[in-house]
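For reference, the structure discussed in these notes is given below.
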Amino acid sequence: MPTTLQDLQIDYDKPNWCPGCGDFGIWVSLKNAIVQLDLKPWEVVLVSGIGCSSKLPYWVKTYGFNGLHGRPMPVAEGIRLANNGLTVIVIGGDGDQFAEGGNHWLHAARRNVNLTLLIHDNQVYGLTTGQFSPTTNIGEKNKATPVPVVEAPVNAMQLALSAGATFVARGYSGDNKQETELLVEAIKHKGFSIIDTMQPCVTFNHHNTFAWFYERVYKLEEHGHDMTNKMQAFERAEEWPLRRPLNEGEKEKVATGIFFKEDRPTWEDGTPQIAQTPLVKQSLENIHVNPLLDELM
Amino acid sequence: MIDLQWLIGGEAGYGIMTTGLMMSKIFTRLGLHVFDYVEYPSLIRGGHNAYYVRASDEEVTSQKKTVDILVALNADTIKLHVDELSPNAAVIFDPSVLKLTVEQFPVSVRLFPVPLLELTKKVGADRLMINTVSVGASLALFHKQFDVLQKIMQDTFGKKGDDVVALNNNTSKAGYDYVVENFGPGLLADIPIGSQTRLLIGGAEAIAFGAIRAGLKFAAMYPMTPINTIMTTLVAHALKYNIVVKEPEDEIAGINMALGASFAGARSMVATSGGGFSLMVEGLGLAAQTETPIVVVLGMRPGPATGMPTWSDQGDLRFALHAAQGDFPRIILAPGDMLDAFEGTMTALNLAEKYQLPVIVLVDKHINESHATVESEKLKVISDTFVVERGKILTDQEALAETDYKRYALVEDGISPRSLPGQQGGIGLSGSDEHDEKGLYNEEADMRIKMMDKRYAKLAKAIANNEFPAPRLIGDPDAALTIVAFGSTKFAILDAMRQLKKENISVNFLQVSFLEPFPSQAFTEMIGKTKKTLIVEANKTGQFEGLIRERTGITFEHHLRKYDGRPFYPEEIIEKVKALQV
């Protein structure tokens, strides 16, 4: 029986994001992608951190692990090494993945662990009521800073490219079709994939709204981007976010789609202990250490 | 009776560690009881390294204060260790490096000038191999055949090829022959090859082997003294036993990776020291809240902060007891020697899975980085009788039969059956938020109480299942004095007891192996039968003494504490016992 959206539906709770939250679009797209790929719900694990978006695993009927703020990535890596038959998707916000947990995915990227990092990037801390985040634009006025934000935002695409990610994409939660396609490609990709999905926060970010994005997003594939060309990807990624205040009359260009994709052996490939059988299927019976002890005589 | 302590001292980077271990092996092969102890600073080259090997034909479980054979590779070694020399100690040195005369020593010594550098050069070895020459020279002082060392060289370097074996063999033989030719063989002693029933094992090896035996499948370990050998031992056997050992980016990642692997169904463990454990603290709470099994080996060293990275201490007891926010059940066990460490690690891995909670194995630098001879048969009996117990994990069929699976089902013993990702029918969510039976976040007062009580019910169940043996009383039950201690202080305490017994001073030892849950009732009963008590621990504030007072109301009249980074020596315990006039 192919997997349907109904199979992914839980009946005892429903999302409690603010009405109009960009998280809804990502939630729908993720379920669509699982259905399109016909993944068995019990063979999917959603691993999240803490924040509004990290509640997502509660509302999809797959296995889920809702861990600590910033730390879902290592949990997901452990799951992959223990059972490489599972599809593992890490979910976190911009605070979770660029501030507290930034370190972890850089290493996951260079290891090329076969999993997908789906970042809900609303450029603000939502659950703690609106402090600026590592992706907030320069010059934003915010309750967490007495002067407008002076820190340059994290450039997620360039960071991912330089860390060695083998699938680098930006999505936009206002475009479910594209987001679903990106997720399908990312999950199919053998290696570390990251989708930084721009997602308006209707409650605390009154600047980067759906309307704001609608006027600025464009699709890389419609502009002749070569996703196998890393330097071109770097250049495209340089367009946004800006590390300077906006000039008079200037309008940002926010590229979406796949920036870069390449094949490289995965961390799992380099782990012969799981080449034949996943760790979780290996028997713990009849393990003998007496030969090791004899070597100490 | 033979009871000698050999010491090699020299600059870091000159193979002192390898040489010391080789010496321990020699004594082991001769059928003696061996205990070795190493002191070194936290740097790779230039600092002073000292490796003590004590060997006896009677049981010894600790290093001692006096040195009977000193191999001095540099002048610092003489300066730093001259006061440790016993009367008639032998000093091996290279006369081209050191000018020594018997007059400059406070005790009578026998000097053995051996041209280590020249002999090394003569056999075509690198100057770094002077230590290998010194092993041969040392052996010649107490044993009249070279064969034993030849076999060790073959066993040690066999995998590296015949050339390496031959080089090491020739180099050590040069030292051996030189001493025999110039001073005569077996000048200090004539130790024959006795029957060998013991093997030489390090504490870290014992932990690693215990973990392997118990079915460890995943470990994530960030390098840190004193747990590095646990990691390298696991790695050495990782392919043969199919254990995934990964080096994470930090200890936060380490414990979270291990929790991920454990959540997926693989037996998992991490190991670290105080600094790394500080980073793991939030993850420890996550293990408790999500009820994900995990074993944390915590190797103590003197803190706070970087402290004294390569030295030993028991100052993290309170830290282990209280790490992470909130109330949650945990198990802490504290092995006291190599056998305990082997068995304790296996026990820990079982308990973590059976009761779905974090288990801490509390050890320290002294136990991890020392080696001791242990009866091979004793280890094998523990290994052969061990049974892997994984607790309530649903089989694929059981999961499939579930119609409304609840990961945190409120069952009487608190232990809800785990499903594993991949199992159809077992879909569920493990959450760090307080949750309901299905794992869904829940902040209702009633549910909070139920879940807290459920988590603690598991510990009550473990106690009811007799998982925690009573403290062990070692020695004469009617002794005039009882020493109370946990962890590696056992080494020196047992040694002191043997010595005191010879002087007709009767002391016994109450060893507490489980610190959490604290065996309050059994401990109180056992203390009630003692005459006089002395509590021994390696920290400044008496953390163990405080724990006992907190859990039992028992106070101690006498205590012996040490917090200089050095382990207890039997002599120190003997002195204290004698001062108590028991």
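None of these values were measured; they are calculated from a predicted model.
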Would you mind writing out the side-chain donor-acceptor pairs for residues 286-294 of chain A within the sub-3.5 Å range, not counting sequence neighbours?
residue, atom, partner, partner atom, Å
Asn290(A), ND2, Asp384(B), OD1, 3.4
Asp294(A), OD1, Lys380(B), NZ, 2.5

- request: Find out whether Tyr58(A) and Leu429(B) are in side-chain contact, i.e. whether some heavy atom of one side chain is under 4.5 Å from a heavy atom of the other.
  value: yes
field: Contact check, side chains of Val245(B) and Gln273(A), non-hydrogen atoms, under 4.5 Å
entry: no
Which pairs of donor and acceptor atoms, one on a side chain in residues 69-82 of chain A, lie under 3.5 Å apart (sequence neighbours left out)?
residue, atom, partner, partner atom, Å
His69(A), ND1, Ile50(A), O, 3.0
His69(A), ND1, Asp96(A), OD1, 3.1
Arg71(A), NH1, Glu100(A), O, 3.1
Arg71(A), NH1, His104(A), NE2, 2.9
Glu77(A), OE2, Arg111(A), NH1, 2.8
Arg80(A), NE, Asn114(A), O, 3.0
Arg80(A), NE, Glu268(A), OE2, 2.7
Arg80(A), NH1, Asn84(A), O, 3.0
Arg80(A), NH1, Leu86(A), O, 2.8
Arg80(A), NH2, Glu268(A), OE2, 3.0

Looking only at heavy atoms, which two atoms of [X] and [Y] are closest? And how far apart?
X: Trp42(A); Y: Gln423(B); answer: CB-O, 3.6 Å
X: Gly215(B); Y: Leu284(A); answer: O-CD2, 3.4 Å
X: Leu286(B); Y: Gly67(A); answer: CD1-CA, 4.0 Å

Residue part contacting chain A, namely of [X], when any heavy atom lies under 4.5 Å:
X: Phe263(B); value: side chain
X: Asp404(B); value: neither
X: Phe386(B); value: neither
X: Ser262(B); value: neither
X: His435(B); value: neither
X: Ala399(B); value: neither
X: Ile243(B); value: backbone
X: Gln289(B); value: neither
X: Lys25(B); value: neither

message: Counting only heavy atoms not in Glu389(B) (residues, nucleotides, ligands), do more than 12 fall under 6.0 Å from its CD?
response: yes
message: Just checking Lys61(A): does its NZ atom have more than 12 heavy atoms from other residues, nucleotides or ligands closer to it than 6.0 angstrom?
response: no
- prompt: In Å, rounded to the nearest 0.5 Å, how long is the span from CD of Glu43(A) to CD1 of Ile427(B)?
  reply: 10.0 Å
query: If you measure from CG on Leu296(A) to CG on Leu200(B), what distance do you get to the nearest 0.5 Å?
result: 7.5 Å
Among [options], residue most engaged with chain A (heavy-atom pairs, under 4.5 Å):
options: Thr197(B), Leu216(B), Leu199(B); value: Leu199(B)
options: Lys240(B), Arg29(B), Glu282(B); value: Glu282(B)
options: Ala214(B), Gly428(B), Ser383(B), Ala220(B); value: Gly428(B)
options: Asp433(B), Leu379(B), Thr28(B); value: Asp433(B)
options: Ser376(B), Gly431(B), Gly426(B); value: Gly426(B)

- prompt: Going by atom types only, do Tyr12(A) and Asp436(B) share a side-chain donor-acceptor pair under 3.5 Å?
  reply: no
field: Lys40(A) side chain to Gln424(B) side chain, donor-acceptor N/O pair below 3.5 angstrom
entry: no
Pick one of side chain, backbone, both or neither for [X], based on which atoms fall under 4.5 Å of a heavy atom in chain B.
X: Pro41(A); answer: both
X: Asn16(A); answer: side chain
X: Gln276(A); answer: neither

task: Give the C-alpha distance, both sets of side-chain angles, the deciding distance and a yes or no for side-chain hydrogen bond (donor to acceptor under 3.5 Å, both in side chains) between Asn66(A) and Tyr441(B).
output: CA-CA 10 Å; Asn66(A) 176 219; Tyr441(B) 54 90; over 6 Å; no
- prompt: Within residues 248-260 of chain B, which positions have a heavy-atom distance to chain A below 4.5 Å?
  reply: Pro248(B), Glu249(B), Asp250(B), Ile252(B), Ala253(B), Asn256(B), Met257(B), Gly260(B)
- request: Look at Asn83(A), Thr271(A), Val47(A) and state which one has the largest set of heavy-atom pairs under 4.5 Å with chain B.
  value: Thr271(A)
message: I'd like to know if the side chain of Tyr63(A) reaches the main chain of Ser430(B), judged simply by a donor and an acceptor atom lying under 3.5 Å from each other, with no hydrogens or angles considered.
response: no
- request: Check step by step if side-chain contact (heavy atoms from CB on, under 4.5 Å) holds for Ile10(A) and Lys438(B).
  value: CA-CA 11 Å; Ile10(A) 62 154; Lys438(B) 286 188 90 74; over 6 Å; no
- request: For Glu375(B), enumerate each residue passing the salt bridge (charged side-chain N to carboxylate O under 4.0 Å, His left out) test, keeping only those at least two apart in sequence or located in another chain.
  value: Arg198(B)
